[in-house]
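Remarks on the structure that follows.
Computed from a predicted model, the values in this text were never measured in an experiment. Whatever order the structure lists ligands and atoms in, that order sets their numbers, starting from 1.
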Amino acid sequence: MKAMVLREYQRPMEWVDTDTPRIGPDEILLQVKACGICQTDLKIYKGEIPPPIVTLPHTPGHEVAGVVVDVGKEVRAIQKGDVGMLYIYVACRECGACLEGHENLCPNLKRVGFELPGGYAEYVRVPAYAFCPFDKRLPFEEMAILTDAVATSYHAIVTLADVKLGQSVLIVGAGGLGIHGVQIAKLTGAQVIVADRKEDALRLAERFGADVLVDSGKGPLEAIREATRGKGVDAVIECVGAKETLSWSLPSLRKGGKLIIVGYVPGQPFPLDTMAMHYNEWDIKGSRLCTKAELLQVIRLVEKGAIKPVISKRFPLEKANEALKELSLGGTVGRMVLTA
Ligand SMILES: [Zn+2]
Ligand SMILES: [Zn+2]
């Protein structure tokens, strides 16, 4: 098969011939039809997620959808020709976290496109357990991005922030993640405030129902306080996770409000004002992808038309270098997707 291979950090990946993976008895072989491009892929490309997580040579890509072309002899419920996406985290299914349904916190997990080869390839091999089927009539490129860009927002907003009808939620960053966060936050019935530096990202957020648009470059804290009549927001969904955005997103919370940290910048700790934490009883939580049950829930919501996956641009698989380049220049709103 053909696959994109990263041999050296910050050097273009190569589109090369490599062995098609051979599946074990409990595995499936998926023919990749689409693979989303995440900011994390850019971090991998730059060498910001080094060994033991990502070892070179590496094939990135963790938002994978496609067609099952082979099944191991112990696989019962999946057949050749089934279409679906991959739950990224191949968890051990034995530890305490797994048994409680928190596969995303499994200490033994291996991830498609990180520790395991990813979807910038014609085929991917995974345990059958990772396969999540969806309605055949839906486009692969839209469904591929559910597994991270959409389900991660769902986990942060619905499960961790537990946003309720009538509350207000601030979404920081209206990129690939945030634009789906806007749609999910609207479904909860909350007032949705979106902050971004880019005018086109804010306009897109408005199209998907954002109630208040805030330019992060122009005194965002004042604008957010004004939008909540001085009270502050009930929850902040930090899709950026940089020192600069946290410096105003955290203080934009009301007393007792929740900050959910979804995006991150490697090696950039954020100083915490412990006195402000004490006086305001703010609740800060990290958010890591989603559980498998949440991904299945998100698939149902997209099948029903309640959430629309937002694709900005499509590239053929072998043009992954061009796609990463464009992402690094910040020139897109919504998710970019590779297609085969
Ligand atoms: Zn990702
Ligand atoms: Zn586990």
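Defined by atom type and a distance below 3.5 Å, a donor-acceptor pair is missing between the side-chain atoms of Tyr45 and Asn321. With hydrogens and angles left out, the side-chain atoms of Glu103 and Tyr129 include a donor and acceptor closer than 3.5 Å. Between Thr339 and Glu141, the side chains place no donor N or O within less than 3.5 Å of an acceptor N or O (distance only, hydrogens not considered).
Rounded to the nearest 10 degrees, the angle SG (Cys106) to the Zn ion (ligand 2) to SG (Cys98) equals 100°.
Only protein N, O or S atoms were considered, and those under 2.8 Å from the Zn ion (ligand 1) are Cys38 SG, His62 NE2, Asp148 OD2.
Taken from CD1 in Ile49 to CD in Glu115, the straight-line distance is 9.5 Å, to the nearest 0.5 Å.
Classified by interplanar angle (parallel below 30°, tilted 30° to 60°, perpendicular above 60°), the ring pair His62/Phe114 is tilted.
Criterion: ILVMFWY side-chain heavy atoms under 4.5 Å apart, direct or through other members. Under it, Val150 and Ile299 are part of a common hydrophobic cluster.
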